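Some notes on the structure that comes next.
One-based numbering, in listed order, for ligands and for the atoms of each. These figures come from a predicted structure and were not determined experimentally. Just so you know, residue 1 is the first one in the sequence shown, and it goes up from there.
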Amino acid sequence: MRRRTVAVLGLVALALVAAACAPNATQSALEPKGPYAQKSFDLFVPVFWVAVAIFVIVEGLLVLFVFRYRHRKRQAARIPAQVHGNTRLEIAWTILPTLILAGVAVPTVATIWDLAAKPTGDVLEVNVLAHQWWWEFDYPGQQILTANELHIPTGRPVYLTLCAVGFGYGAPVPSQGGPPAPNACQTGPPDSQPPAGIGAAVIHSFWVPELAGTQDVVPDLTNHLTIQADEPGVYQGQCKEFCGLSHAYMRFRVVAHTPEDFDRWVAEQRAPASPDVTGPAEDGKAIFLQTCVACHAVAGLETANGQPVLANGGPNLTHLMSRDCFRGCTLAMTDANLRRWIENPRAVEAGSFMPDYGLSPDEVDQVVAFLNTLE
Ligand code: CUA
(Lines give C-alpha, C1' and ligand atoms only; values in the text may rest on other atoms or scores of the structure.)
Protein backbone atom coordinates (compact mmCIF):
# COMPACT_ATOMS: atom_id res chain seq x y z
CA MET A 1 0.00 0.00 0.00
CA ARG A 2 2.73 2.40 0.99
CA ARG A 3 4.72 1.50 -2.10
CA ARG A 4 1.71 2.34 -4.23
CA THR A 5 1.35 5.77 -2.58
CA VAL A 6 5.02 6.47 -3.24
CA ALA A 7 4.58 5.41 -6.88
CA VAL A 8 1.55 7.68 -7.33
CA LEU A 9 3.32 10.63 -5.72
CA GLY A 10 6.35 9.96 -7.89
CA LEU A 11 4.22 9.95 -11.03
CA VAL A 12 2.53 13.22 -10.03
CA ALA A 13 5.93 14.82 -9.44
CA LEU A 14 7.18 13.50 -12.79
CA ALA A 15 4.12 14.91 -14.57
CA LEU A 16 4.70 18.32 -12.98
CA VAL A 17 8.36 18.31 -14.02
CA ALA A 18 7.44 17.13 -17.53
CA ALA A 19 4.87 19.94 -17.80
CA ALA A 20 7.71 22.42 -17.39
CA CYS A 21 9.25 21.00 -20.59
CA ALA A 22 6.21 21.93 -22.72
CA PRO A 23 7.09 23.68 -26.00
CA ASN A 24 5.65 26.92 -24.60
CA ALA A 25 7.96 26.94 -21.62
CA THR A 26 8.75 30.58 -22.42
CA GLN A 27 5.15 31.46 -21.57
CA SER A 28 6.16 32.77 -18.18
CA ALA A 29 5.09 35.84 -16.26
CA LEU A 30 8.44 35.55 -14.46
CA GLU A 31 10.25 36.61 -17.64
CA PRO A 32 8.66 39.97 -18.46
CA LYS A 33 9.44 41.26 -21.96
CA GLY A 34 7.83 44.68 -21.78
CA PRO A 35 7.17 47.56 -19.36
CA TYR A 36 3.61 46.50 -18.46
CA ALA A 37 4.60 42.94 -17.60
CA GLN A 38 7.61 44.39 -15.77
CA LYS A 39 5.36 46.50 -13.52
CA SER A 40 3.37 43.43 -12.47
CA PHE A 41 6.60 41.52 -11.92
CA ASP A 42 8.11 44.33 -9.83
CA LEU A 43 5.06 44.16 -7.59
CA PHE A 44 5.03 40.38 -7.46
CA VAL A 45 8.62 39.92 -6.30
CA PRO A 46 8.51 41.91 -3.02
CA VAL A 47 4.99 40.66 -2.18
CA PHE A 48 6.19 37.10 -2.81
CA TRP A 49 9.15 37.44 -0.43
CA VAL A 50 6.99 39.07 2.27
CA ALA A 51 4.61 36.11 1.93
CA VAL A 52 7.52 33.64 2.08
CA ALA A 53 8.86 35.26 5.27
CA ILE A 54 5.44 35.13 6.94
CA PHE A 55 4.93 31.54 5.81
CA VAL A 56 8.29 30.42 7.20
CA ILE A 57 7.73 32.19 10.55
CA VAL A 58 4.14 31.01 11.05
CA GLU A 59 4.66 27.44 9.85
CA GLY A 60 8.00 27.23 11.67
CA LEU A 61 6.39 28.20 14.98
CA LEU A 62 3.49 25.85 14.31
CA VAL A 63 5.79 22.88 13.71
CA LEU A 64 7.96 23.85 16.68
CA PHE A 65 5.00 23.98 19.05
CA VAL A 66 3.47 20.79 17.70
CA PHE A 67 6.66 18.92 18.52
CA ARG A 68 7.49 20.67 21.71
CA TYR A 69 4.08 20.35 23.32
CA ARG A 70 3.01 17.07 21.77
CA HIS A 71 1.24 14.58 23.99
CA ARG A 72 3.66 12.37 25.94
CA LYS A 73 2.41 9.53 28.11
CA ARG A 74 4.63 10.24 31.09
CA GLN A 75 4.14 13.99 31.04
CA ALA A 76 0.39 14.15 30.73
CA ALA A 77 0.19 17.13 33.02
CA ARG A 78 2.75 19.28 31.16
CA ILE A 79 0.64 22.30 30.14
CA PRO A 80 2.46 25.33 28.68
CA ALA A 81 2.04 28.83 30.14
CA GLN A 82 -1.33 30.26 29.09
CA VAL A 83 -1.36 33.69 27.38
CA HIS A 84 -5.10 34.09 26.87
CA GLY A 85 -6.15 37.69 27.55
CA ASN A 86 -2.61 39.06 27.38
CA THR A 87 -3.32 42.62 26.22
CA ARG A 88 0.17 43.34 24.90
CA LEU A 89 0.22 40.20 22.78
CA GLU A 90 -3.32 40.85 21.50
CA ILE A 91 -2.39 44.38 20.44
CA ALA A 92 0.88 43.23 18.86
CA TRP A 93 -0.67 40.51 16.72
CA THR A 94 -3.43 42.85 15.61
CA ILE A 95 -1.21 45.78 14.69
CA LEU A 96 1.60 43.82 13.03
CA PRO A 97 -0.54 42.10 10.35
CA THR A 98 -2.36 45.41 9.74
CA LEU A 99 0.94 47.14 9.06
CA ILE A 100 2.13 44.32 6.79
CA LEU A 101 -1.13 44.35 4.79
CA ALA A 102 -1.05 48.14 4.53
CA GLY A 103 2.57 47.92 3.33
CA VAL A 104 1.52 45.46 0.62
CA ALA A 105 -1.66 47.39 -0.27
CA VAL A 106 0.03 50.69 -1.09
CA PRO A 107 2.21 49.44 -4.00
CA THR A 108 -0.55 47.03 -5.11
CA VAL A 109 -3.22 49.72 -5.47
CA ALA A 110 -0.71 52.09 -7.09
CA THR A 111 0.22 49.40 -9.65
CA ILE A 112 -3.44 48.58 -10.37
CA TRP A 113 -4.16 52.24 -11.12
CA ASP A 114 -1.00 52.58 -13.11
CA LEU A 115 -1.79 49.55 -15.30
CA ALA A 116 -5.45 50.52 -15.74
CA ALA A 117 -4.69 54.05 -16.98
CA LYS A 118 -5.08 54.53 -20.72
CA PRO A 119 -1.60 55.19 -22.14
CA THR A 120 -1.02 58.55 -23.76
CA GLY A 121 1.18 59.62 -26.65
CA ASP A 122 1.93 57.36 -29.60
CA VAL A 123 -0.46 54.48 -28.88
CA LEU A 124 -1.67 51.73 -31.21
CA GLU A 125 -5.30 50.77 -30.61
CA VAL A 126 -6.59 47.28 -31.41
CA ASN A 127 -10.01 45.75 -30.81
CA VAL A 128 -9.82 42.18 -29.58
CA LEU A 129 -12.88 40.03 -30.22
CA ALA A 130 -12.97 36.73 -28.32
CA HIS A 131 -14.89 33.99 -30.14
CA GLN A 132 -15.46 30.34 -29.32
CA TRP A 133 -12.54 29.40 -29.82
CA TRP A 134 -10.34 31.88 -31.58
CA TRP A 135 -9.24 35.49 -31.35
CA GLU A 136 -10.01 38.21 -33.86
CA PHE A 137 -7.88 41.35 -34.06
CA ASP A 138 -9.41 44.45 -35.57
CA TYR A 139 -7.20 47.51 -36.23
CA PRO A 140 -9.64 50.43 -36.28
CA GLY A 141 -9.01 52.96 -39.01
CA GLN A 142 -6.56 50.63 -40.78
CA GLN A 143 -8.83 48.17 -42.61
CA ILE A 144 -7.05 45.24 -41.06
CA LEU A 145 -8.91 42.28 -39.64
CA THR A 146 -6.94 39.21 -38.71
CA ALA A 147 -7.15 36.14 -36.50
CA ASN A 148 -5.04 34.44 -33.83
CA GLU A 149 -1.94 36.54 -34.57
CA LEU A 150 -1.75 40.00 -33.06
CA HIS A 151 0.99 42.00 -34.77
CA ILE A 152 2.40 44.98 -32.87
CA PRO A 153 5.34 47.35 -33.15
CA THR A 154 8.03 47.24 -30.45
CA GLY A 155 8.51 50.07 -27.99
CA ARG A 156 4.97 51.37 -28.40
CA PRO A 157 2.04 50.82 -26.02
CA VAL A 158 -0.82 48.82 -27.58
CA TYR A 159 -4.17 49.66 -26.00
CA LEU A 160 -6.58 46.76 -26.40
CA THR A 161 -10.37 46.97 -26.26
CA LEU A 162 -11.64 43.49 -25.52
CA CYS A 163 -15.11 42.15 -26.38
CA ALA A 164 -16.71 38.71 -26.11
CA VAL A 165 -18.49 37.66 -29.29
CA GLY A 166 -21.22 35.11 -30.01
CA PHE A 167 -21.49 33.21 -33.26
CA GLY A 168 -23.03 35.66 -35.71
CA TYR A 169 -25.85 36.72 -33.38
CA GLY A 170 -25.71 39.70 -31.08
CA ALA A 171 -22.06 40.14 -31.96
CA PRO A 172 -20.34 43.50 -32.00
CA VAL A 173 -19.44 44.29 -35.58
CA PRO A 174 -15.70 44.75 -36.17
CA SER A 175 -14.94 48.29 -37.27
CA GLN A 176 -13.88 46.91 -40.73
CA GLY A 177 -11.59 49.88 -40.85
CA GLY A 178 -13.92 52.60 -39.58
CA PRO A 179 -13.57 54.34 -36.23
CA PRO A 180 -14.27 52.13 -33.21
CA ALA A 181 -17.83 52.22 -31.94
CA PRO A 182 -18.13 54.33 -28.76
CA ASN A 183 -19.23 51.22 -26.92
CA ALA A 184 -17.34 48.65 -28.92
CA CYS A 185 -18.56 45.64 -26.97
CA GLN A 186 -22.30 46.35 -26.78
CA THR A 187 -23.87 43.30 -28.35
CA GLY A 188 -27.11 44.95 -29.39
CA PRO A 189 -30.65 44.94 -27.99
CA PRO A 190 -31.78 42.00 -25.83
CA ASP A 191 -33.99 40.64 -28.63
CA SER A 192 -30.86 39.82 -30.61
CA GLN A 193 -30.17 36.84 -28.35
CA PRO A 194 -28.91 33.83 -30.26
CA PRO A 195 -31.38 31.03 -31.06
CA ALA A 196 -30.88 27.76 -29.20
CA GLY A 197 -27.87 25.82 -30.41
CA ILE A 198 -26.02 28.87 -31.70
CA GLY A 199 -22.93 29.98 -29.83
CA ALA A 200 -23.57 32.74 -27.34
CA ALA A 201 -20.91 35.14 -26.17
CA VAL A 202 -19.17 33.65 -23.13
CA ILE A 203 -16.43 34.78 -20.78
CA HIS A 204 -12.85 34.40 -21.99
CA SER A 205 -9.61 35.75 -20.63
CA PHE A 206 -6.76 37.27 -22.61
CA TRP A 207 -3.27 36.44 -21.41
CA VAL A 208 0.19 36.94 -22.87
CA PRO A 209 2.27 36.26 -19.74
CA GLU A 210 5.46 37.87 -21.05
CA LEU A 211 3.71 41.12 -22.02
CA ALA A 212 1.00 41.81 -19.43
CA GLY A 213 -1.27 40.40 -16.76
CA THR A 214 -4.58 38.80 -17.61
CA GLN A 215 -7.77 40.55 -18.59
CA ASP A 216 -11.18 38.87 -18.61
CA VAL A 217 -13.28 39.33 -21.72
CA VAL A 218 -16.91 39.49 -20.61
CA PRO A 219 -20.10 39.66 -22.71
CA ASP A 220 -21.65 43.14 -22.75
CA LEU A 221 -18.65 44.63 -20.95
CA THR A 222 -15.93 46.70 -22.56
CA ASN A 223 -12.60 45.85 -20.96
CA HIS A 224 -9.15 47.20 -21.72
CA LEU A 225 -5.58 46.06 -21.39
CA THR A 226 -2.30 47.64 -22.41
CA ILE A 227 0.55 45.49 -23.70
CA GLN A 228 3.98 46.44 -24.97
CA ALA A 229 7.00 44.49 -26.16
CA ASP A 230 10.56 45.78 -25.89
CA GLU A 231 12.08 43.40 -28.42
CA PRO A 232 10.88 41.89 -31.70
CA GLY A 233 9.74 38.31 -31.28
CA VAL A 234 6.81 35.96 -30.91
CA TYR A 235 5.02 35.89 -27.57
CA GLN A 236 2.63 33.06 -26.80
CA GLY A 237 -0.82 33.84 -25.48
CA GLN A 238 -3.89 31.88 -24.57
CA CYS A 239 -7.40 32.07 -23.25
CA LYS A 240 -7.18 31.67 -19.50
CA GLU A 241 -10.85 31.22 -18.62
CA PHE A 242 -12.85 28.07 -19.30
CA CYS A 243 -15.11 29.01 -22.21
CA GLY A 244 -16.50 25.72 -23.47
CA LEU A 245 -15.38 22.44 -25.00
CA SER A 246 -12.33 23.68 -26.88
CA HIS A 247 -11.13 26.29 -24.38
CA ALA A 248 -7.75 24.57 -24.15
CA TYR A 249 -7.27 25.13 -27.90
CA MET A 250 -7.92 28.88 -27.77
CA ARG A 251 -4.36 30.07 -28.11
CA PHE A 252 -2.91 33.01 -29.98
CA ARG A 253 0.42 34.71 -30.48
CA VAL A 254 1.65 38.26 -30.39
CA VAL A 255 4.19 39.02 -33.08
CA ALA A 256 6.26 42.09 -32.24
CA HIS A 257 8.05 43.82 -35.13
CA THR A 258 10.46 46.73 -35.29
CA PRO A 259 8.46 49.86 -36.23
CA GLU A 260 9.71 49.65 -39.86
CA ASP A 261 8.75 45.98 -40.18
CA PHE A 262 5.40 46.71 -38.59
CA ASP A 263 4.67 49.42 -41.18
CA ARG A 264 5.52 46.90 -43.90
CA TRP A 265 3.13 44.37 -42.33
CA VAL A 266 0.36 46.98 -42.18
CA ALA A 267 0.83 47.82 -45.88
CA GLU A 268 0.69 44.12 -46.82
CA GLN A 269 -2.43 43.52 -44.76
CA ARG A 270 -4.24 46.52 -46.22
CA ALA A 271 -3.79 45.26 -49.77
CA PRO A 272 -6.78 43.26 -51.05
CA ALA A 273 -6.33 39.59 -51.90
CA SER A 274 -5.85 38.84 -55.56
CA PRO A 275 -9.16 37.39 -56.77
CA ASP A 276 -7.77 36.18 -60.12
CA VAL A 277 -6.74 32.57 -59.77
CA THR A 278 -6.29 29.70 -62.23
CA GLY A 279 -6.14 25.90 -62.22
CA PRO A 280 -7.36 23.94 -59.16
CA ALA A 281 -7.42 27.19 -57.17
CA GLU A 282 -10.11 28.49 -59.54
CA ASP A 283 -12.30 25.47 -58.78
CA GLY A 284 -11.49 25.94 -55.12
CA LYS A 285 -12.60 29.56 -55.33
CA ALA A 286 -15.96 28.47 -56.78
CA ILE A 287 -16.47 26.02 -53.90
CA PHE A 288 -15.36 28.69 -51.43
CA LEU A 289 -18.01 31.08 -52.80
CA GLN A 290 -20.72 28.43 -52.38
CA THR A 291 -19.87 27.30 -48.87
CA CYS A 292 -17.13 29.04 -46.87
CA VAL A 293 -18.47 32.57 -47.51
CA ALA A 294 -21.32 31.83 -45.12
CA CYS A 295 -18.84 32.75 -42.35
CA HIS A 296 -15.48 33.79 -43.81
CA ALA A 297 -14.55 37.09 -45.39
CA VAL A 298 -11.97 37.70 -48.10
CA ALA A 299 -11.52 41.36 -48.97
CA GLY A 300 -11.65 41.94 -52.71
CA LEU A 301 -13.79 38.85 -53.34
CA GLU A 302 -17.39 39.07 -54.51
CA THR A 303 -20.19 36.52 -54.42
CA ALA A 304 -22.00 35.45 -57.61
CA ASN A 305 -24.51 38.30 -57.20
CA GLY A 306 -21.79 40.92 -56.72
CA GLN A 307 -21.95 41.23 -52.95
CA PRO A 308 -18.70 41.83 -51.06
CA VAL A 309 -17.72 38.88 -48.90
CA LEU A 310 -17.94 40.02 -45.28
CA ALA A 311 -17.07 38.21 -42.08
CA ASN A 312 -20.03 36.52 -40.43
CA GLY A 313 -18.78 34.63 -37.44
CA GLY A 314 -15.61 33.14 -38.90
CA PRO A 315 -12.05 34.43 -39.23
CA ASN A 316 -11.21 36.86 -42.02
CA LEU A 317 -9.12 34.92 -44.54
CA THR A 318 -7.93 37.79 -46.77
CA HIS A 319 -4.27 37.21 -45.94
CA LEU A 320 -4.53 33.73 -44.46
CA MET A 321 -1.12 32.66 -45.75
CA SER A 322 0.58 35.55 -43.96
CA ARG A 323 -0.25 33.75 -40.71
CA ASP A 324 1.79 30.86 -39.36
CA CYS A 325 -1.03 29.20 -37.50
CA PHE A 326 -4.78 28.74 -37.52
CA ARG A 327 -7.57 27.04 -35.53
CA GLY A 328 -6.93 29.10 -32.41
CA CYS A 329 -3.25 29.04 -33.31
CA THR A 330 -3.00 25.34 -32.42
CA LEU A 331 -2.35 24.16 -35.99
CA ALA A 332 0.59 25.18 -38.16
CA MET A 333 -0.43 26.64 -41.52
CA THR A 334 0.33 23.61 -43.67
CA ASP A 335 -1.67 22.04 -46.50
CA ALA A 336 -1.98 18.81 -44.53
CA ASN A 337 -3.47 20.64 -41.53
CA LEU A 338 -5.82 22.72 -43.68
CA ARG A 339 -7.02 19.55 -45.40
CA ARG A 340 -7.56 17.78 -42.08
CA TRP A 341 -9.46 20.77 -40.74
CA ILE A 342 -11.76 21.28 -43.73
CA GLU A 343 -12.47 17.55 -44.05
CA ASN A 344 -13.85 17.20 -40.55
CA PRO A 345 -13.64 20.25 -38.27
CA ARG A 346 -15.27 18.55 -35.31
CA ALA A 347 -12.66 15.78 -35.34
CA VAL A 348 -10.05 18.50 -34.80
CA GLU A 349 -11.97 20.86 -32.52
CA ALA A 350 -14.60 19.54 -30.12
CA GLY A 351 -17.84 21.49 -30.48
CA SER A 352 -16.57 23.42 -33.51
CA PHE A 353 -18.99 25.86 -35.15
CA MET A 354 -17.35 25.18 -38.49
CA PRO A 355 -19.64 22.84 -40.43
CA ASP A 356 -18.48 19.81 -42.37
CA TYR A 357 -19.68 20.46 -45.95
CA GLY A 358 -18.96 16.88 -46.96
CA LEU A 359 -16.53 17.91 -49.70
CA SER A 360 -14.80 15.15 -51.67
CA PRO A 361 -11.02 14.78 -51.23
CA ASP A 362 -10.53 16.47 -54.64
CA GLU A 363 -12.74 19.37 -53.65
CA VAL A 364 -10.87 19.76 -50.36
CA ASP A 365 -7.59 19.89 -52.34
CA GLN A 366 -9.07 22.57 -54.59
CA VAL A 367 -10.18 24.68 -51.62
CA VAL A 368 -6.71 24.33 -50.08
CA ALA A 369 -5.20 25.39 -53.42
CA PHE A 370 -7.39 28.49 -53.35
CA LEU A 371 -6.52 29.26 -49.71
CA ASN A 372 -2.85 29.08 -50.73
CA THR A 373 -3.40 32.07 -53.03
CA LEU A 374 -4.52 34.24 -50.07
CA GLU A 375 -1.11 35.67 -49.29
CU1 CUA B 1 -11.85 31.35 -24.48
CU2 CUA B 1 -11.21 29.87 -22.77
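For a distance bound of 2.8 Å, the N, O or S atoms of Met250 include one lying that close to atom 1 (Cu) of ligand 1.
Nearest to atom 2 (Cu) of ligand 1, among the N, O or S atoms that His247 has, is ND1.
In this structure, O of Glu241 and SG of Cys243 enclose an angle of 110° at atom 2 (Cu) of ligand 1, rounded to 10°. For Cys239 atom SG and His204 atom ND1, the angle they make at atom 1 (Cu) of ligand 1 is roughly 120°, to 10 degrees.
For the pair Lys39 and Tyr36, the cation sits on the ring face: its NZ or CZ lies under 6.0 Å from the ring centre, inside 45° of the axis.
Checked against the 2.5 Å cut-off, the SG-SG distance between Cys243 and Cys239 does not fall under it.
Taking the six-membered ring for Trp and thresholds of 30 and 60 degrees, Phe262 and His257 have ring planes inclined between 30 and 60 degrees apart.
Checked against Leu150 for a side chain to side chain contact (heavy atoms under 4.5 Å, CB included), the options Trp135, Tyr235, Tyr139 give a single hit: Tyr139.
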